[in-house]
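Working notes, beginning with the structure itself.
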Amino acid sequence: MRFGRFVRTAFAAAALAAAVASSHAADDLTIIQNHRSFQPSEITIQQGQTLHFENDDEFIHQIYVDSDQMSFDSAEQPPGETITITFPKAGTFNVRCHIHPKMLLVVHVK
Ligand SMILES: [Cu+2]
């Protein structure tokens, strides 16, 4: 049936769009790295939420989280690249940069 085929095709297209969107979920948040700082420099998120760190500077960053509850260490992050960190546990976490010791983002996970 013609109509049935159209519906299946439309459904497949919608499913594909959803799959693409899920790589950057709706509740994800983006932190900008600019002028050797995180913007914003403090944020409150929900447990399990994901932050994307977007390097808007013209030089490399390399970010890390070092705490008893979680640790994360990125590779070198060239300009324009995005690093993704998910925070699975509640608590307060400091995100820092190996290259720029003054960079600090405080993440409160509820
Ligand atoms: Cu840096």
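Both ligands and their constituent atoms are indexed starting at 1 by order of listing. Everything quoted here is computed from the prediction, not taken from an experiment.
The neighbour count for Asp73 CG, taken as heavy atoms of other residues, nucleotides or ligands under 6.0 Å away, is above 12.
Nearest N, O or S atom of His100 to the Cu ion (ligand 1): atom ND1.
When the side chains of ILVMFWY residues are joined at heavy-atom separations under 4.5 Å, either directly or via intervening members, Phe38 and Leu29 end up in a single hydrophobic cluster.
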Contacts table for residues 88-96: side-chain donor-acceptor under 3.5 angstrom, sequence neighbours left out:
from	atom 1	to	atom 2	distance (Å)
Thr92	OG1	His108	ND1	3.2

Exercise for the section: Check the pair Gln39, Gln33 against side chain to side chain donor-acceptor pair (under 3.5 Å), reporting the backbone distance first and the verdict last. Expected result: CA-CA 6 Å; Gln39 297 169 10; Gln33 295 149 288; over 6 Å; no
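Residue His98: no N/O/S atom is found under 2.8 Å from the Cu ion (ligand 1).
With the Cu ion (ligand 1) as the vertex, atom SG of Cys97 and atom ND1 of His61 span an angle of 130° (nearest 10 degrees).
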